[in-house]
Trainee: 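Handing you a structure now.
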Amino acid sequence: MSTPPLEERNTQVPKHFMLARRAAAVGLAGAAVVGLQTTVAQASPRPDPRIEIVGGTPAKQGEFPFMVRLSVGCGGSLYTKDIVLTAAHCFDRSGPNTGITVTAGAVDLQDPAAIKVKSTKVLRAPGYDGNGKDWALVKLAKPITNLPTLKIADTTAYDKGRFTIAGWGHTREGGQAQRYLRKAEVPFVDDATCKKPYPELIPSEEICAGFMDTGGVDTCQQDSGGPMFRKDNANAWIQVGVVSWGKGCARPGYPGLYTEVSHFAADIKKAAATF
Ligand code: ARG
C-alpha cells in the first residue's frame with residue numbers, strides 16, 4: 001500500500017495529534033493510549049456551547065447501544081452481533097488481527113460493566129487506497145448478543161437532513177480523547193457546496209455534514225470509524241455515514257467528511273457474508 005502524504009487534507013493540528021485518514025494504525029493506537037490515560041475535561045471558565053465530539057453533549061447510557069470503541073483509537077458500530085463497521089484508515093492492512101479490543105455497551109469506557117471483546121480479523125474495503133472507500137469490517141471473537149445492531153442505509157433516501165454523530169474523540173482540534181461518549185447533530189451539506197473547500201471530495205463515495213457558516217460542531221480525531229446516523233421513516237436509527245476526515249475540526253467553511261454508507265451497502269453486505 002502506498003500512502004501519499006496528504007495530511008493537509010485533514011488537519012493543521014500538531015503532528016502527534018494528526019490522525020489523518022491516511023494515518024497508520026500505529027499512530028492511532030499511540031494516540032489512543034495517551035487519550036485514554038488522560039481524560040481531562042475540556043471545560044473552560046466560560047464554555048462556548050459550540051466548542052465542546054466538538055460542540056456536543058454527553059450521550060446517555062443506552063442511548064446509542066450500537067456504538068463501540070476500538071482500542072486502535074477509533075469508533076465503530078455493530079453491523080451484526082459479531083461484525084463492527086468502522087473506517088479503513090484505522091488499520092494498516094486487512095487480515096487476521098487478534099490485537100484489537102472492542103468496548104461496547106457503555107458510554108463510560110472505564111465502566112466495569114462494559115463488554116470487551118477481542119477481534120479476530122480486519123477487512124478493509126476492497127481496493128482501499130486512501131481515497132474514498134473508507135470503510136472496514138472487524139470480526140469479533142464472539143458475538144455480542146445483548147446489544148442491538150445499527151442498520152445501514154442501502155439507498156440514498158436518507159442521505160439528507162440532520163444527522164447524529166457520536167464518539168469518544170477530541171472535543172476540539174488538538175484536544176484529547178474522551179472517557180465518556182459524546183454526541184451532536186450536524187446538517188447535511190450537499191456535494192456542490194462541499195466541493196468548494198474540498199476539491200478532492202469523491203461525491204459518490206463521501207457525504208459531508210456540518211455547519212458551513214459557523215462551524216462549531218463536528219467529529220474530530222479518534223471519532224473516525226464511528227457512525228453518522230439518523231431516524232428512518234419507521235423512526236429507527238439508520239447509519240448513513242462513517243466518520244472519515246476533515247480539515248481540522250469544526251472550522252467554519254470545512255464540514256466533516258463521511259463515507260457514504262448507502263453507496264457501499266451492497267459491498268459491505270457481501271464482505272460481511274464471506275467474513
Ligand atoms: N480522521 C479522523 C480520525 O482518525 C476523523 C476526523 C474527522 N474530522 C472532521 N473534521 N470531521 O479520527
Side-chain angles (χ1 to χ4, degrees), residues 3 5-36 50-51 53-56 67-77 86-92 100 124 128 130-136 163-178 181-189 194 197-198 200-201 206-212 214-228 240-260:
T3 51
L6 288 169
E7 294 87 345
E8 74 276 7
R9 290 176 61 161
N10 291 274
T11 164
Q12 303 297 315
V13 300
K15 275 275 183 281
H16 62 289
F17 283 123
M18 193 170 330
L19 304 170
R21 71 170 175 183
R22 287 171 182 76
V26 182
L28 286 168
V33 169
V34 171
L36 292 177
R50 294 173 314 154
I51 312 295
I53 297 167
V54 184
M67 190 72 213
V68 306
R69 172 78 178 172
L70 307 183
S71 56
V72 292
C74 281
S77 52
T86 180
H89 82 259
C90 294
F91 311 98
D92 283 337
I100 302 161
R124 299 197 309 179
Y128 173 72
N131 294 297
K133 299 183 181 55
D134 194 8
W135 62 270
F163 307 123
T164 300
I165 48 178
W168 288 269
H170 298 190
T171 51
R172 59 184 171 83
E173 221 178 295
Q176 297 168 325
Q178 300 295 303
L181 181 64
R182 301 183 72 81
K183 61 167 178 176
E185 282 187 20
V186 279
F188 169 73
V189 173
C194 196
Y198 297 114
E200 62 272 72
L201 176 76
E206 296 174 312
I207 178 169
C208 307
F211 293 91
M212 271 306 274
T214 59
V217 186
D218 198 4
T219 45
C220 199
Q221 270 47 51
Q222 297 200 40
D223 287 322
S224 278
M228 178 169 79
V240 299
V242 176
V243 180
S244 182
W245 65 287
K247 182 179 174 70
C249 305
R251 296 185 188 186
Y254 292 94
L257 283 81
Y258 299 78
T259 309
E260 194 160 348

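Whatever order the structure lists them in is the order used to number ligands and atoms, beginning at 1. Here the structure is a predicted model, which means the values were calculated and not measured.
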Trainee: Where's the contact between Ala87 and ligand 1, heavy-atom distance under 4.0 Å: side chain, backbone, both or neither?
Mentor: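 Neither; nothing of Ala87 gets under 4.0 Å from ligand 1.
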Trainee: What I want to know is whether Ala250 and ligand 1 share at least one N or O pair that is separated by under 3.5 angstrom.
Mentor: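 Among all N and O atoms of Ala250, none is under 3.5 Å from an N or O of ligand 1.
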Trainee: Looking only at distances, please establish whether an N/O atom of ligand 1 is found under 3.5 Å from an N/O atom of Lys247.
Mentor: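 So ligand 1 has no N or O lying under 3.5 Å from an N or O of Lys247.
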Trainee: Please identify which of these residues, Thr86, Asp134, Val243, meets the side chain to side chain contact (heavy atoms under 4.5 Å, CB included) condition with Thr259.
Mentor: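 Result: among Thr86, Asp134, Val243, Asp134 is the only option passing the side chain to side chain contact (heavy atoms under 4.5 Å, CB included) with Thr259.
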Trainee: Are the ring centres of Tyr258 and Phe163 closer than 6.0 Å?
Mentor: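 No - the distance between ring centres of Tyr258 and Phe163 does not fall below the 6.0 Å cut-off.
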Trainee: Work out which heavy atom in Met67 is nearest to a heavy atom in Gly226; give both atom names and the distance.
Mentor: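 It is CE-CA, 4.3 Å.
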Trainee: Mark yes or no for whether Arg124, through its side chain, and Phe91, through its backbone, hold a donor-acceptor pair below 3.5 Å.
Mentor: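 It does hold such a pair.
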Trainee: Give the numbers and elements of all ligand 1 atoms closer than 4.0 Å to a heavy atom of Cys249.
Mentor: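 Result: 10 (N).
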Trainee: Heavy-atom contact under 4.0 Å between Ser244 and ligand 1?
Mentor: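 In this structure, Ser244 qualifies as a contact of ligand 1 - some heavy atom is under 4.0 Å.
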Trainee: So, 4.0 Å and heavy atoms of Arg251: is ligand 1 close enough to count as a contact?
Mentor: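 Contact check Arg251 vs ligand 1: negative.
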Trainee: Taking non-hydrogen atoms only, is Gln222 closer than 4.0 angstrom to ligand 1 via side chain, backbone, both or neither?
Mentor: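 Answer for Gln222: backbone.
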Trainee: So, regarding Asp218 and ligand 1 (criterion: nitrogen or oxygen to nitrogen or oxygen, under 3.5 Å), is there a contact or not?
Mentor: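 So ligand 1 has an N or O lying under 3.5 Å from an N or O of Asp218.
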Trainee: Does the separation of the ring centres of Tyr254 and Trp245 fall below 6.0 angstrom?
Mentor: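 Distance test on ring centres: not under 6.0 Å, no.
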Trainee: On a heavy-atom basis, which atom in Pro255 and which in Pro197 lie closest, and how many Å separate them?
Mentor: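 Heavy atoms only, the tightest pair is CD-CG, 4.2 Å.
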Trainee: For Gly248, counting its heavy atoms only, list the atoms of ligand 1 lying under 4.0 Å from any of them.
Mentor: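 Per the distance check, 9 (C), 10 (N).
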Trainee: After noting the C-alpha distance and the side-chain angles of His89 and Ser244, does the key distance pass the side-chain hydrogen bond (donor to acceptor under 3.5 Å, both in side chains) rule?
Mentor: CA-CA 8 Å; His89 82 259; Ser244 182; 4.7 Å; no
Trainee: If you count the atoms of ligand 1 from 1 in the order shown, which ones are under 4.0 Å from a heavy atom of His89?
Mentor: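 Answer for ligand 1: 1 (N), 3 (C), 4 (O).
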Trainee: If you count the atoms of ligand 1 from 1 in the order shown, which ones are under 4.0 Å from a heavy atom of Gly256?
Mentor: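 Near Gly256, the atoms of ligand 1 are 11 (N).
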Trainee: Answer with yes or no whether Gly169 contacts ligand 1, where contact means a heavy atom under 4.0 Å from a ligand atom.
Mentor: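 No, Gly169 has no heavy atoms under 4.0 Å from ligand 1.
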Trainee: Provide the closest heavy-atom pair for Val54 versus Ala250 in the form atom of the first, atom of the second, distance.
Mentor: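 For Val54 versus Ala250, the nearest heavy atoms are CG1-CB, 3.4 Å.
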Trainee: Under 3.5 Å, side chain of Asp223 to main-chain N/O of Gly169, donor-acceptor pair present?
Mentor: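 Such a contact is found between Asp223 side chain and Gly169 backbone.
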Trainee: Numbering the atoms of ligand 1 from 1, which are under 4.0 Å from a heavy atom of Asp223?
Mentor: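 Once the distances to Asp223 are compared, the set is 12 (O).
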Trainee: Is there a heavy atom of Gly75 sitting under 4.0 angstrom from any atom of ligand 1?
Mentor: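 False for this residue.
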